[in-house]
Number of protein chains: 2
Amino acid sequence: MISNDLLKGTLRTIVLKLLADNGRMYGYEITKRVEELSAGKIKLTFGALYPVLHKLEADGHIQTEVEYIGKRVRKYYTLTETGRSWSERKVDEFFDFVNTLTYVLKPTPA
Amino acid sequence: MISNDLLKGTLRTIVLKLLADNGRMYGYEITKRVEELSAGKIKLTFGALYPVLHKLEADGHIQTEVEYIGKRVRKYYTLTETGRSWSERKVDEFFDFVNTLTYVLKPTPA
DNA sequence: ACAAATATATAAGCATTTTATATATAATGC
DNA sequence: GCATTATATATAAAATGCTTATATATTTGT
């Protein structure tokens, strides 16, 4: 399992990128997909995920549409235009961050 | 400049690794070294750094010794035994985290 | 003299995450 | 038939961790 501390600040980016890749997804699906892509190492909790989704929606980065699967409500999230471009920026930012931090964490004593 | 959100959770790791590489350092020196190693992209603030240093000390991962440079107090931090091994674990954890998140953030739509 | 750099430190406020809780349906195993 | 697990969304209190603001004091360069 990945240390939780490190995940801080990346949740938004993960959600945006998954939506950019998959068109539309619902909350539960997002947690499952992350678990799958990370080989079980990253497990998003709902208490963290839903506030992020609601915040992204409030900020106009994603839209929702409700669907009924039998009697069960399912809420699909889709990126808006601004959400899509923001997604790309966030992913670039992450890899830039990794490169930069690598300079700091790679050196070993002389 | 690196997005602040992403740095969350890595501060501890940065401090531990720098101390592991450099033997002993003082707070101000740590911020300067990080700025230098990251080509100005990462700037630690004192409000973030000192609480981390104090916490690491309280947890027994680092020790301090005070020195006087003229009339100015300078506080040197050194890793303890547990701090040294924890440092290695934390750095490994970071790169593991990066690899894992790369699996999540790399895929593009079919 | 004055400004900028050096040096440590605390505290209020803010954002984000964890943990706990609530609710309900559908599928699977025994 | 019944229980457990998986599916599915959501809120709220508490904890964590960082930013911003503030305080204080010395040393160096001009």
Side-chain angles (χ1 to χ4, degrees), chain A residues 1-16 18 24-36 40 42-59 61-78 90 94 97 101, chain B residues 1-16 24-36 40 42-59 61-77 90 94 97 101:
Chain A
M1 265 289 282
I2 289 295
S3 167
N4 305 321
D5 288 350
L6 293 172
L7 273 169
K8 292 186 180 191
T10 61
L11 220 171
R12 238 188 221 68
T13 307
I14 291 171
V15 169
L16 288 167
L18 284 187
R24 63 174 209 170
M25 300 180 87
Y26 52 98
Y28 188 81
E29 189 185 8
I30 291 174
T31 65
K32 289 295 150 194
R33 180 61 61 87
V34 169
E35 212 177 319
E36 187 192 314
I42 300 177
K43 290 183 190 188
L44 305 186
T45 58
F46 299 117
L49 178 64
Y50 285 115
V52 165
L53 285 171
H54 298 334
K55 182 92 195 331
L56 286 172
E57 190 183 4
D59 291 348
H61 295 304
I62 59 182
Q63 299 175 306
T64 61
E65 48 182 319
V66 171
E67 225 169 78
Y68 279 87
I69 309 297
K71 282 182 182 175
R72 192 186 283 160
V73 176
R74 185 180 284 174
K75 209 176 195 175
Y76 278 101
Y77 298 89
T78 322
K90 279 298 216 179
F94 174 76
F97 157 76
L101 243 198
Chain B
M1 266 291 279
I2 290 295
S3 168
N4 305 320
D5 287 350
L6 292 172
L7 273 169
K8 291 188 182 192
T10 61
L11 220 169
R12 237 187 221 68
T13 307
I14 290 171
V15 169
L16 288 167
R24 64 174 208 169
M25 299 180 87
Y26 51 98
Y28 188 81
E29 190 186 6
I30 291 173
T31 65
K32 290 295 149 189
R33 181 60 62 87
V34 169
E35 212 176 320
E36 189 192 312
I42 300 177
K43 290 183 189 188
L44 305 186
T45 59
F46 299 116
L49 179 63
Y50 286 114
V52 165
L53 286 171
H54 298 335
K55 183 93 193 333
L56 286 172
E57 191 183 4
D59 291 347
H61 296 304
I62 59 181
Q63 299 176 307
T64 59
E65 48 182 320
V66 170
E67 227 170 76
Y68 279 87
I69 308 296
K71 282 183 182 174
R72 191 186 282 159
V73 178
R74 186 181 282 172
K75 209 175 196 175
Y76 279 101
Y77 298 90
K90 279 300 215 176
F94 174 76
F97 157 76
L101 243 197

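Per chain, numbering begins at 1; letters A, B, ... match sequence-line order.
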Proximity to DNA chain C (any heavy atom under 4.0 Å), residues of residues 63-71 of chain A only: A:K71
Give one of base, sugar-phosphate or nothing for B:Y77, where a contact means two heavy atoms less than 4.0 Å apart. sugar-phosphate
One should read off an interatomic distance between B:K32 NZ and B:L44 CG, to the nearest 0.5 angstrom, of 10.5 Å
Here the distance between atom P of C:dT16 and atom CD1 of A:I14, to the nearest Å, is 15 Å
Between B:L16 and B:T13, is any pair of side-chain heavy atoms under 4.5 Å apart? no
If you compare every side-chain N and O of A:H54 against the phosphate oxygens of D:dT11 (OP1, OP2), does one of them come in below 4.0 Å? yes
Is there a side-chain contact between A:I14 and A:I30, using heavy atoms and a 4.5 Å cut-off? no
Taking CD from A:E57 and C1' from D:dA10, how many angstroms apart are they, rounded to a whole number? 13 Å
May I have the distance from A:Y50 (atom OH) to D:dT11 (atom P), rounded to whole angstrom? 10 Å
Separation of atom CD1 in B:I30 from atom C1' in C:dT8, rounded to whole Å: 12 Å
Of all the choices, D:dT11, C:dT17, C:dA5, which nucleotide is nearest to the side chain of A:L11 once you look at every atom? C:dT17
Please report the interatomic distance CD1(A:I42) to CG(A:L6), rounded to the nearest 0.5 Å. 10.0 Å
About how many Å separate CG of A:L101 and CZ of B:F94, when rounded to the nearest 0.5 Å? 4.5 Å
Between A:L56 and A:Y77, does a side chain to side chain contact (heavy atoms under 4.5 Å, CB included) hold up when you go through it step by step? CA-CA 10 Å; A:L56 286 172; A:Y77 298 89; over 6 Å; no
Stepwise side chain to side chain contact (heavy atoms under 4.5 Å, CB included) check, A:L49 with A:T31: CA-CA 8 Å; A:L49 178 64; A:T31 65; 3.6 Å; yes
Between D:dA10 atom C1' and A:R72 atom CZ, what is the distance in whole Å? 15 Å
Is any NZ, NE, NH1 or NH2 atom of the basic residue among A:R74 and A:E65 found under 4.0 Å from an Asp or Glu carboxylate oxygen of the other? no
Show the numbers, then the answer: is there a side chain to side chain contact (heavy atoms under 4.5 Å, CB included) between B:T64 and B:Y76? CA-CA 5 Å; B:T64 59; B:Y76 279 101; over 6 Å; no
Go through the steps to decide whether B:D59 and B:K55 satisfy the test side chain to side chain contact (heavy atoms under 4.5 Å, CB included), and finish with yes or no. CA-CA 6 Å; B:D59 291 347; B:K55 183 93 193 333; 3.2 Å; yes
Nearest listed nucleotide, side chain of B:Y28, among C:dT6, C:dT19, D:dA10: C:dT6
Roughly how many Å is it from CG in A:L56 to C1' in C:dT17, rounded to a whole number? 15 Å
Once the angle between the rings of A:Y28 and A:F46 is folded into 0 to 90°, is it parallel (under 30°), tilted (30 to 60°) or perpendicular (over 60°)? parallel
How large an angle, rounded to 10°, do the end axes of the helix from C:dA1-D:dT30 to C:dC30-D:dG1 enclose when each is built from five base pairs? 30°
May I ask you to say what B:Y26 touches in the nucleic acid, namely base, sugar-phosphate or nothing, with a heavy-atom cut-off under 4.0 Å? sugar-phosphate
Heteroatom pairs (N/O) under 3.5 angstrom, protein to nucleotides 11-15 of chain C:
none

Once you apply a heavy-atom cut-off of 4.0 Å, does B:R74 come out as touching a base, just sugar-phosphate, or nothing? sugar-phosphate
Between C1' of D:dA6 and CD of A:E35, the distance in whole Å: 12 Å
Please name the residue in the list B:Q63, B:E29, B:E67 that meets the side chain to side chain donor-acceptor pair (under 3.5 Å) test with B:R24. B:E67
Distance check needed: D:dA8 P versus A:K32 NZ, whole Å only. 10 Å
Between D:dT16 and B:K55, is there an OP1 or OP2 to side-chain N/O distance shorter than 4.0 Å? no
